[in-house]
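The chain is numbered in sequence order, starting from 1. No experiment lies behind these values; they were computed from the predicted model shown.
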Amino acid sequence: MNYIPQLLHISYGYDHGQAASLGGVAQGGSVIGLLVVGNMCYKSLRLNGKVGLVLFLLVVCTVVPLVLALGPAVLPRAAVVPLAVLWGLAYALPFYIPPGEFAMQ
């Protein structure tokens with residue numbers, strides 16, 4: 001997620017200020033992912049549901065960066081920031097909550 005501002009500037013033509021601001025918005029998706037998806041959805045699921053949700057989010061974490069890397073020839077500029085927010089939302093839960101739960105046991 002740290003390279004999103006550079007991606008927005010180099011590939012999609014945003015100036016440095018816009019790219020940095022929109023990169024912060026995209027990383028805000030991770031906060032939403034932890035608070036909403038993690039706290040409200042993930043914690044209420046049984047083990048099979050948790051595994052399925054984490055697997056789904058990891059697939060999203062694989063597909064979205066691939067689509068973003070294809071560049072403006074394939075992806076319209078208006079879709080970049082919403083996809084980056086979706087990526088932030090998806091990556092936060094698998095990389096923070098399950099390892100944290102394991103460490104607490």
Side-chain angles (χ1 to χ4, degrees):
M1 296 285 314
N2 292 336
Y3 72 88
I4 286 184
Q6 292 88 347
L7 175 74
L8 294 176
H9 173 68
I10 294 169
S11 294
Y12 291 96
Y14 288 96
D15 65 39
H16 290 289
Q18 280 182 317
S21 296
L22 294 174
V25 169
Q27 291 181 355
S30 65
V31 174
I32 295 168
L34 287 174
L35 294 177
V36 176
V37 179
N39 196 35
M40 295 178 160
C41 300
Y42 178 83
K43 289 184 179 179
S44 66
L45 296 173
R46 294 179 186 260
L47 182 59
N48 288 340
K50 288 179 179 182
V51 171
L53 179 60
V54 168
L55 181 62
F56 171 74
L57 293 174
L58 288 173
V59 169
V60 171
C61 287
T62 303
V63 172
V64 171
L66 172 67
V67 172
L68 288 171
L70 293 175
V74 175
L75 185 66
R77 189 174 174 189
V80 172
V81 174
L83 272 178
V85 170
L86 175 65
W87 181 20
L89 189 143
Y91 98 88
L93 187 138
F95 292 108
Y96 293 118
I97 292 182
E101 284 184 337
F102 177 77
M104 297 298 269
Q105 292 178 354

Hphob cluster co-occupancy, Met40 + Tyr96, side-chain heavy atoms under 4.5 angstrom | yes
Work out which heavy atom in Ala26 is nearest to a heavy atom in Ile4; give both atom names and the distance.
-> CB-CD1, 4.1 Å
Please tell me if the side chains of Val54 and Leu58 come closer than 4.5 Å, counting only heavy atoms from C-beta onward.
-> yes
Interatomic distance, NZ@Lys50 vs CD1@Ile97, rounded to 0.5 Å, equals 9.0 Å
Kindly say whether Cys41 contributes a backbone atom to a donor-acceptor pair with the side chain of Ser44 at under 3.5 angstrom?
-> yes
Any link between Leu8 and Val74 through a network of hydrophobic side chains (Ile, Leu, Val, Met, Phe, Trp, Tyr) touching at under 4.5 Å?
-> no
Linking I/L/V/M/F/W/Y whenever any side-chain heavy atoms sit under 4.5 Å apart, do Leu55 and Leu53 land together?
-> no
Any chain of hydrophobic side-chain contacts (each under 4.5 Å) joining Val36 to Val31?
-> no
Between atom CG of Leu34 and atom OH of Tyr42, what is the distance when rounded to the nearest 0.5 Å?
-> 11.5 Å
For Gly13 and Arg77, work out which heavy atoms get closest and say how close.
-> O-NH2, 3.9 Å
Would you say Phe95 and Ser30 make side-chain contact, with heavy atoms under 4.5 Å?
-> no
Using side chain to side chain contact (heavy atoms under 4.5 Å, CB included) as the criterion, point out the one residue from Leu75, Leu7, Val85 that pairs with Val80.
-> Leu75
Main-chain N/O of Gln18 paired to Ser21 side chain as donor or acceptor, under 3.5 Å = no
Work out which heavy atom in Trp87 is nearest to a heavy atom in Cys61; give both atom names and the distance.
-> NE1-O, 3.9 Å
Starting from the C-alpha separation in whole Å, work towards a yes-or-no answer on side-chain contact (heavy atoms from CB on, under 4.5 Å) for Val81 and Leu22.
-> CA-CA 7 Å; Val81 174; Leu22 294 174; 3.8 Å; yes
Heavy atoms only: give me the nearest Pro72-Tyr12 pair and the separation to one decimal.
-> N-CE2, 3.6 Å
Is it true that Val59 and Leu89 fall in one hydrophobic cluster, defined by side-chain heavy atoms closer than 4.5 Å?
-> yes
Count the heavy atoms belonging to other residues, nucleotides or ligands that lie under 6.0 Å from CG of Asp15, then report whether that count exceeds 12.
-> yes
Correct closest heavy-atom pair for Gly38 and Leu93 would be CA-CD1, 3.2 Å
Of the non-hydrogen atoms in Pro5 and Gly23, which two are nearest, and what is the gap between them?
-> CG-CA, 4.1 Å
Rounded to the nearest 0.5 Å, how far apart are CG of Leu86 and OH of Tyr91?
-> 13.0 Å
